[in-house]
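Counting begins at 1 with the first residue of the sequence.
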Amino acid sequence: MPSPKCQQICGILLAAIGLLILIVTLSGQKPLLTYIDNLIKTQVHLSPGTETYDNWQTPPVPIYDDIYLFNITNPIEFNKGEKAILEPVGPYVYQKYEIKKQANFSGDLKYAMYYDYLYFVFSESETQKHNNNTSLNDVIFIPNVPLLTVVSQIAHNSLIPAAVKTTLEELVAVYEHAEGLDYLTLNGTVQDILWGMSDPIMSLLHSLKLAPSPQFALQTNGSTDANAMVLPTVVYTGHTDIAKVDEYHLFHGRNSSGCWGSNAANTINGTEGSMFEPLLIYNKTKTLTIYNEQLFRSVDLVFTNESSYEGIDCYEYRIPDWALQNVTNNPTNVAYYAWKYSGMLNLTACAQNVPLYITKAMFLDADVRLRENITLSVQANKTLHDTFLCVEPYTGVVVNGHKRVQINVQMEHHSTTGILNETQPAFIPLITVDEHGSITPELADKLKSALLVPIHVMHIGFYLLCAFGTGLVLVSVIIQVVIVSNKCRQEEEDKEVLVPAEEEETDNKSGYVSDNSDQYLSLDAGTSRYYEASE
C-alpha cells in the first residue's frame with residue numbers, strides 16, 4: 001500500500017490536473033460558442049454560391065395549399081332569407097410555386113433583388129390522399145360576392161362619382177325587383193369559382209374601374225400584385241446584419257401596403273415566412289414577423305412551446321390573440337379598422353370595398369357571435385385549424401409549418417338599399433386555405449449531419465470535460481480527507497495505554513492482596529513497572 005506521503009502527492013497531482021482541465025475548458029467556452037455562432041452565420045446568410053441561397057431561390061421543400069370551399073346546401077331557403085347551412089367541401093390540393101426571377105445582389109451584398117412570380121398547379125395525387133371523391137367539376141353555391149360588392153360600394157365608398165353611384169343603384173334595383181331570381185347566390189364549378197368565371201356585375205364594375213378584372217374568382221393563378229414582374233422585391237441578405245436575413249426591404253417595389261390607417265400598420269416588415277434570423281436558441285421569446293401578401297399586412301408570431309419534427313428540435317410560434325382583437329380589447333388595432341368582432345381582420349379597405357374579412361380557419365379563437373346567423377357543421381380545432389411555424393433554433397429555418405386562413409364575406413342591412421333587408425346579417429365563410437410545407441426526411445438527415453450533430457458533439461464534449469475535471473478534483477479531495485483521517489486515528493492509537501478494568505478488592509487498607517497471589521500495576525514517575533507482591 002502506498003505511503004501516506006505518496007498518497008498525498010498523488011492527490012495534489014490529480015487536483016492540479018483537474019483544475020487545469022476546468023480552467024482550459026471554461027476559458028475556452030466563449031471562443032467555442034463564438035466559433036459555433038460564426039459557423040452558423042456563414043451557413044445561413046444569402047450569398048452567391050451558398051446552399052442557403054440555392055434553397056432560397058429554388059426551395060427544395062414542396063409547398064401545398066389545401067383548399068376548402070363552403071357550399072351553401074340550402075340555396076333556395078337562403079335566397080328566401082333563412083340562415084345559410086354551410087358544408088366545407090375539399091380539400092382541393094394545389095402545389096404552390098414561387099419563382100424568384102433575375103435574382104442579383106447589391107455591390108456590398110447587403111441586399112438581394114428579384115422579380116417574384118407565383119402560380120399554382122392542381123395535384124390530383126395529393127388531393128386523393130385525403131380519401132375524398134372531390135373533383136374540380138364539383139358544383140357549389142356561394143353568396144353572390146359581386147352583388148354584395150356593389151351594395152358595399154354604394155353604402156361605404158364616398159369617393160365614387162355621382163354618375164357611377166347612380167349606375168350601381170340602378171343595377172341593384174333591377175335585381176331587387178326581379179321575380180323568381182335567386183340573386184343572393186352564385187353557383188359554378190370549383191374550377192370556375194376558384195380561378196375565374198364570367199359575371200355581368202364584375203364586368204360592369206371593371207368597366208367602371210371598381211374591379212381589377214371582369215371575372216369573378218376567389219384565387220389568382222399568378223401574383224396578386226400587378227407590380228410583381230415590373231418592380232423588384234428586395235430583401236436583406238444577412239451579410240452585414242444576420243438578424244435581418246430574408247427580411248423585406250421592398251416588396252414589389254414598395255415598403256408600404258397603403259390601405260391601412262397608420263404608417264406603422266402599412267409598413268412592410270418581416271420575412272416571407274420560410275426562414276428567420278439564426279441563433280434563436282439564445283432568445284426563443286423573440287417576436288418573429290412575416291409579411292403576408294393576401295392579408296396586406298405584417299403579422300407577428302410569438303413563441304408558444306418547444307417541439308420536434310423529423311428528429312429536429314424546434315420552437316413553435318403562433319399568432320397571438322391580441323393581433324386580431326377589436327379596438328375594445330386592443331385599441332392599437334384601430335389602424336386595422338377592427339371595429340367589429342374580435343378574431344377577424346377587416347380587408348374591405350384593401351380589397352376595393354369588397355366586404356371581406358379574414359379569420360382563422362373555422363372561426364378559431366374568434367367571437368362566438370360570428371356563428372350566430374349561419375349553420376356550420378365543423379367546429380374549430382386548434383390542432384387542425386391554427387397557424388404555426390416550427391423553427392429550428394440554431395439556423396432559423398422553418399422545418400414544419402401551416403398557415404391557415406379563412407375568407408368570409410359580410411351580408412348586412414343598409415339604409416341606402418333594401419336588397420338585403422330580408423336576409424340574415426352574417427359573416428359567411430367562402431374559402432379556407434391551409435398552406436403547408438415540411439422538411440423531408442432526407443433533408444432533415446442532411447441538416448442534422450452537416451450542422452446540428454457537430455454542434456451537439458461540441459456541446460457534449462464541453463460538458464464531459466467539465467465533468468471529468470470536476471471528478472479529478474473531487475477524487476483529490478477524497479484522498480486528502482482519507483489521509484488526514486488515517487493520521488488522526490494513528491495518533492489516537494499511539495496515546496492509548498492499557499489500564500486494568502478494575503482492581504480486586506483488598507483485605508485491608510494497606511493495599512496487600514489476599515491469600516491468592518497476583519500482580520498489580522504501579523505507576524512511578526510516569527513509567528510503568530511491574531512488582532510481584534507476596535503475602
Report, as yes or no, whether the 6.0 Å neighbourhood of atom CD1 on Ile99 holds more than 12 heavy atoms from other residues, nucleotides or ligands. yes
List for me each residue that meets salt bridge (charged side-chain N to carboxylate O under 4.0 Å, His left out) alongside Glu316, sequence neighbours excluded, and say none if there are none. Arg318
I would like to know whether Tyr92 and Asp138 meet side chain to side chain contact (heavy atoms under 4.5 Å, CB included); could you show each step before the answer? CA-CA 11 Å; Tyr92 304 91; Asp138 295 338; 2.8 Å; yes
Mind checking the CZ-CD1 spacing from Phe78 to Ile85? Nearest 0.5 Å is all I need. 11.5 Å
Does one side chain, of His156 or Asn353, offer a donor that lies under 3.5 Å from an acceptor on the other? no
For Tyr337 and Trp260, take the angle between the two ring planes, folded into 0 to 90°, and tell me which bin it lands in: parallel under 30, tilted 30 to 60, perpendicular over 60. tilted
Spacing of Asn346 atom CG and Trp339 atom CH2 [to the nearest 0.5 Å]: 7.0 Å
Nearest heavy-atom pair of Gln406 and Pro429: which atoms, and what distance? NE2-CB, 3.4 Å
Hey, mind stepping through Phe216 and Ile142 against side chain to side chain contact (heavy atoms under 4.5 Å, CB included) and telling me if it holds? CA-CA 12 Å; Phe216 169 74; Ile142 66 170; 3.7 Å; yes
According to ring-ring contact (aromatic ring centres under 6.0 Å, His included), who are the partners of Phe296, at least two apart in sequence or on a separate chain? none
Between Asn408 and Phe427, is there a donor-acceptor pair closer than 3.5 Å when you use the side chain of the first and the backbone of the second? no
Are the side chain of Asn373 and the backbone of Pro425 linked by a donor-acceptor contact shorter than 3.5 Å? yes
Just verifying a value: how many Å separate Asn305 CG and Tyr317 OH, rounded to the nearest 0.5 Å? 10.5 Å
For residues Arg297 and Cys350, determine if any side-chain heavy atom of one lies less than 4.5 Å from a side-chain heavy atom of the other. no
Grab the two heavy atoms, one from Pro143 and one from Leu430, that are nearest each other, plus how far apart they are. CD-CD2, 3.6 Å
Could you tell me if Thr267 and Asn269 have a donor-acceptor pair between their side chains, going purely by distance under 3.5 Å? no
Do the non-hydrogen side-chain atoms of Phe388 and Arg404 ever get within less than 4.5 Å of each other? yes
Taking C-beta and beyond as the side chain, do Asp246 and Glu272 meet within less than 4.5 Å on heavy atoms? yes
Heavy atoms only: give me the nearest Ile154-Lys165 pair and the separation to one decimal. O-CE, 3.5 Å
Any side-chain donor near an acceptor of the partner, Asp300 and Thr289, under 3.5 Å: yes
Qualifying disulfide (SG to SG under 2.5 Å) pairs with a residue from residues 316-347, counting only residues at least two apart or across chains: none
With rounding to the nearest 0.5 angstrom, report the CG to CG distance, Leu194 to Leu136. 7.5 Å
Check whether any side-chain heavy atom of Val398 sits under 4.5 Å from a side-chain heavy atom of Phe276, and report yes or no. yes
With distance as the sole criterion, is a donor-acceptor pair present between the side chains of Tyr394 and Glu392 under 3.5 Å? no
Taking the six-membered ring for Trp, are Tyr248 and Tyr291 parallel (under 30°), tilted (30 to 60°) or perpendicular (over 60°)? perpendicular
Pairwise distance CD1(Ile374) to CD1(Ile428) - rounded to 0.5 angstrom: 7.5 Å
Decide yes or no for Gln153 and Ile160: does some side-chain heavy atom of the first lie under 4.5 Å from some side-chain heavy atom of the second? yes
Taking it one step at a time, do Glu306 and Cys314 satisfy side chain to side chain contact (heavy atoms under 4.5 Å, CB included)? CA-CA 6 Å; Glu306 296 184 9; Cys314 56; over 6 Å; no
Within the supplied structure, the quantity of interest is the number of heavy atoms (other residues, nucleotides, ligands) at a distance under 6.0 Å from Glu98 CD; does it exceed 12? yes
Trace of the side chain to side chain contact (heavy atoms under 4.5 Å, CB included) decision for Thr127 with Thr134: CA-CA 8 Å; Thr127 299; Thr134 56; 3.5 Å; yes
Looking at Val327, Thr328, Asn326, which hits side-chain contact (heavy atoms from CB on, under 4.5 Å) with Ser342? Asn326
Just checking Phe363 against Tyr341, ring centres under 6.0 Å apart? no
Taking His413 for its side chain and Leu420 for its backbone only, find out whether a donor-acceptor pair lies under 3.5 Å. yes
Without swapping roles, check the side chain of Asn333 against the backbone of Trp322 for a donor-acceptor pair under 3.5 Å. yes
Heavy-atom donor-acceptor pair, Asn266 side chain to Cys259 backbone, under 3.5 Å: yes
Run the ring-centre check on Phe122 versus Trp195 and record whether the distance is less than 6.0 Å. no
Just wondering, do Pro91 and Ile67 contact through their side chains at under 4.5 Å, heavy atoms? no
Does the Lys83 side chain pair with the main chain of Glu372, one donor and one acceptor, at a distance under 3.5 Å? yes
Donor-acceptor pair, Thr50 side chain versus Leu46 backbone, under 3.5 Å? no
If you count the non-hydrogen atoms of other residues, nucleotides and ligands that lie under 6.0 Å from NZ in Lys286, is the total more than 12? no
Check this for me: does any side-chain nitrogen of one of Asp365 and Lys382 sit under 4.0 Å from a carboxylate oxygen of the other? yes
Taking Thr233 for the side chain and His252 for the main chain, is one N or O donor matched with an acceptor at less than 3.5 Å? yes
Within a 6.0 Å radius of atom CG on Asn263, are there more than 12 heavy atoms belonging to other residues, nucleotides or ligands? no
Looking only at heavy atoms, what is the nearest atom pair of Glu310 and Ile439, with distance? CG-O, 4.1 Å
Have Asn71 and Thr73 got a donor and an acceptor in their side chains that come within less than 3.5 Å? no
Between Glu77 and Lys80, does any side-chain N to carboxylate O distance fall below 4.0 Å? no
With the side chain counted from C-beta on, respond yes when His206 and Pro212 share a heavy-atom pair under 4.5 Å apart, and no when they do not. no
What heavy-atom pair brings Phe120 and Thr220 nearest, and what distance separates the two atoms? CE1-O, 3.8 Å
Under 4.5 Å between any side-chain heavy atoms of Leu288 and Leu389, yes or no? no
So, for Phe105 and Tyr111, is the gap between ring centers shorter than 6.0 Å? no
First locate atom CG of Leu86, then atom CG of Leu69, and finally report the distance between them rounded to the nearest 0.5 Å. 11.5 Å
Do Tyr64 and Ser123 pair up side chain to side chain, a donor and an acceptor below 3.5 Å, judged on atom types alone? no
Check whether NZ of the Lys or CZ of the Arg Lys340 lies under 6.0 Å from the centre of the six-membered ring of Tyr357 and within 45 degrees of that ring's axis. no
